[in-house]
Engineer: 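My questions will all concern the structure given below.
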There are 2 protein chains.
Amino acid sequence: MATIHDVARAAGVSISTVSYALSGKRSIADSTRRRVADAALSLGYEPHAGARMLAGTRTQIFAVTAPLRHDTYAPAHMAFVLAVATAARRHDYDILLLTEDEATKGLSRVASSRLVDGVIVLDVSVKDERIALARTLGVPTVVIGIPEDPDGLACVDLDFEAATRLAVDTLTDRGHRRFALLGHPDEIYERGSNFPIRVRDTFTAYAAEQGLDGRFLTSETDSAAVRATVDALLDSPEPPTALLMHSQESVQATVLDHVRERGVSVPDDLSVISVGSTFDTTRFSPALDVIPLLPHATCDAAVDMLVAALPEPPEPRVQYVAPEYRANGSIAPVPAP
Amino acid sequence: MATIHDVARAAGVSISTVSYALSGKRSIADSTRRRVADAALSLGYEPHAGARMLAGTRTQIFAVTAPLRHDTYAPAHMAFVLAVATAARRHDYDILLLTEDEATKGLSRVASSRLVDGVIVLDVSVKDERIALARTLGVPTVVIGIPEDPDGLACVDLDFEAATRLAVDTLTDRGHRRFALLGHPDEIYERGSNFPIRVRDTFTAYAAEQGLDGRFLTSETDSAAVRATVDALLDSPEPPTALLMHSQESVQATVLDHVRERGVSVPDDLSVISVGSTFDTTRFSPALDVIPLLPHATCDAAVDMLVAALPEPPEPRVQYVAPEYRANGSIAPVPAP
DNA sequence: CTGAAAGCGCTTACAG
DNA sequence: CTGAAAGCGCTTACAG
């Protein structure tokens, strides 16, 4: 392995000149720079990572803590890990993946050994031991998702409030006045889950504000429960013409199946939008309009925040990522009564 | 951050004694070891990772290259990444995740900067640019999966040959003589995919060897094609009593649906085993017996090989992981004619 | 059983 | 515009 000394010798300069020529941290005569670059290239020189960490102030590594929980939806989880890695590489950062059961132990270890310049916390849960740690880690940290108490933390997340209003607005623009939102099982709301509650509260408040009929429904995830929920909704007097779904993939699939079985056509009889989903709604029949989670936009923002925080600790704040509407043909103007 | 000097001062010894006391690399008086350990603990001392890399011979980091391809099945992919990380931690190793499009560039970079002590190559494809690189990387490398030409490489993989024979044996033990194997679309075999071909060839050879009726079928993945394939099979004279499936999840689900629609009962009329699957076959109805991919066993073996290879390059060889049979009630004795 | 010291390969003030 | 040198925090022969 070539060292900086080899490059210096080959280029006929000192090692400090090599260092500066390659880093661009001070002005170097063009001819010198060229000779150094040539020497480095022909020797296949790559600076020793450990030496850089020790002498410099940066390791060029971020830790990503991404614990796998029993209810983790693997494709979304991976999309986020991948998006973080891709964004990090654009800033010349590599990703150290921490998946340990005791996530805090791994975080403490890599932070206090100065292995990483920063930490990205993925997929925070309501009671997440990593959150308390993040405040005291001594290493810049950005959280993706919003914990119960985001005080003093730098967080990034999809703007679920805007997403919910966007879904409603899109449908009121087409004349809809009677809405339902199908959410997660009750248990999710009881244990204080972040996004579902934000979506629910935004929906009910916004519907009230606009004078809309806005019904909020929860359902267990088994097929029978979902079908019963759909039946109750469709059999009610003045059933809704517009349905938002913020629930898991299988539930949304079952809803569409059962609606079709009941002879209700999407979008002619019922307009449907999937809100805040991580899965591919074009595989449904019919394909659903969706306001999806945005792993790339979210992770780009998180990595940008982290890189900006390297000179000094990140400014605590919550940054919201703007939602995007993806039309797939599942909405239509309100049907004539 | 406490350094080794702080610990030495607090314990009243030299820094070399601290280093040896913590590493255990030479014998230390018990009382000294205790004082050092106490000092380290109370100061929250964690050795500087960069300094260790520079002075020592190990970085305690493995690179994992896990490119996401369009046909990557996310849950399996994640299971392998996670299993590697877990196995690595047992040897005090962290995982640097390389997902770049140009996988070779990332590998070269981390290898020549001496950032990692070893490399695990996940999910090798038939023509994988990482394979040629692995032979010349100058860093111990272990491949999970078996590339077209495994010469000179250390590889670990499920023993698909044994898995296939195990499936057949399990059914012949119950009297079955007429078998079908449903594989992937033709294209997969034409482009030389590794496992599907190994399963197919083992199946046909083993069936012939045992004097069994062993039909091999391929099918496109869309529902209509799968149903037509099932129809052709069931409508043939002397249809099989045992079906092995080595195909994607949705295809297996469709087969089960259509078999049920045709009034054929699993396992009473037809015994079914899923071979080499990465997904949860207990979610099917009926739940399927399966000889699954074994991420943990495979990744444990790979990490063990890599750790063993640290002092010297890994001995090139292909290590097969023994298959396991998981019964879920989808097989029965051959029905009376 | 323990210590003093060299040296790993960089970065970055300091000096000119 | 460039160089000589200190120093980052460890590990590990060398010495006793």
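None of these values were measured; they are calculated from a predicted model. Order of the sequence lines fixes the chain letters, A, B, ..., with proteins taken first and strands second; residue numbering starts at 1 for each chain.
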Engineer: Looking at residues 46-57 of chain B, who's got a heavy atom less than 4.0 Å off DNA chain D?
Structural biologist: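 Result for residues 46-57 of chain B: B:Pro47, B:His48, B:Ala51, B:Arg52, B:Ala55, B:Gly56, sorted by number.
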Engineer: By the side-chain hydrogen bond (donor to acceptor under 3.5 Å, both in side chains) test, which pairs, at least two apart or in different chains, include something from residues 79-90 of chain A?
Structural biologist: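 Sorted pair list: A:Arg89-B:Glu100, A:Arg90-A:Asp300.
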Engineer: Under the 3.5 angstrom rule, does the side chain of B:Arg35 hit a backbone N or O of B:Val13 as a donor-acceptor pair?
Structural biologist: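 Checking the backbone N and O of B:Val13 against the side chain of B:Arg35, no donor-acceptor pair under 3.5 Å is found.
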Engineer: Can you list the stems that include DNA chain D, where a stem is three or more consecutive Watson-Crick or G-U pairs with distances under 3.5 Å?
Structural biologist: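 Stem segments, range with range: C:1-3 with D:14-16, C:5-12 with D:5-12, C:14-16 with D:1-3.
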Engineer: Give me the atom names and distance for the closest heavy-atom approach of B:Gly145 to B:Cys155.
Structural biologist: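 Looks like O-CB, 3.7 Å.
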Engineer: At the 4.0 Å heavy-atom cut-off to chain A, mark where contacts on DNA chain D begin and end, going 5' to 3'.
Structural biologist: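 Here the contact window of chain A covers D:dC1 to D:dG9.
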Engineer: Show the atom names and distances, to 0.1 Å, of all donor-acceptor pairs under 3.5 Å that link a side chain in residues 1-8 of chain A to residues at least two apart or in another chain.
Structural biologist:
unit_1 : atom_1 : unit_2 : atom_2 : d
A:Thr3 : OG1    : A:His5 : N      : 3.1
A:Asp6 : OD1    : A:Arg9 : NH1    : 3.4
A:Asp6 : OD2    : A:Thr3 : N      : 2.8

Engineer: Is the side chain of B:Thr141 donor-acceptor paired with the backbone N or O of B:Val139 at a distance under 3.5 Å, no angle test?
Structural biologist: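 At least one qualifying donor-acceptor pair exists.
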Engineer: List in chain and number order the residues that pass ring-ring contact (aromatic ring centres under 6.0 Å, His included) with A:Tyr20, two or more places apart in sequence or in another chain; answer none if no residue qualifies.
Structural biologist: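 Listed in chain order: nothing, the list is empty.
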Engineer: With sequence neighbours left out, what residues match B:Ser14 under side-chain contact (heavy atoms from CB on, under 4.5 Å)?
Structural biologist: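 Listed in chain order: B:Ser16, B:Thr17.
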Engineer: ring-ring contact (aromatic ring centres under 6.0 Å, His included) with B:Phe195: which residues, sequence neighbours excluded?
Structural biologist: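 In terms of ring-ring contact (aromatic ring centres under 6.0 Å, His included), with neighbours along the sequence ignored, B:Phe195 is linked to B:Phe160.
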Engineer: What pairs meet the salt bridge (charged side-chain N to carboxylate O under 4.0 Å, His left out) rule with one or both residues in residues 132-147 of chain B, with sequence neighbours excluded?
Structural biologist: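 Every pair satisfying salt bridge (charged side-chain N to carboxylate O under 4.0 Å, His left out) with a residue in residues 132-147 of chain B: B:Arg135-B:Asp149.
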Engineer: Using modelled atom types only, decide if a donor and an acceptor are shared between the side chain of A:Arg130 and the backbone of A:Leu122 within a distance under 3.5 Å.
Structural biologist: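 Checked: pair present.
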Engineer: Please, which pairs that meet ring-ring contact (aromatic ring centres under 6.0 Å, His included) have at least one residue in residues 22-64 of chain B, sequence neighbours excluded?
Structural biologist: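 Every ring-ring contact (aromatic ring centres under 6.0 Å, His included) pair that includes a residue of residues 22-64 of chain B, provided the two are not neighbours, is B:Phe62-B:Tyr93.
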Engineer: In residues 15-37 of chain B, which residues come under 4.0 Å of DNA chain C by heavy atom?
Structural biologist: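 Contacting residues: B:Ser16, B:Thr17, B:Arg26, B:Ser27, B:Ile28, B:Ala29, B:Thr32.
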Engineer: For residues 59-68 of chain B, which residue pairs pass the salt bridge (charged side-chain N to carboxylate O under 4.0 Å, His left out) check, not counting sequence neighbours?
Structural biologist: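 Every candidate salt bridge (charged side-chain N to carboxylate O under 4.0 Å, His left out) pair involving residues 59-68 of chain B fails, so no pair, neighbours aside, qualifies.
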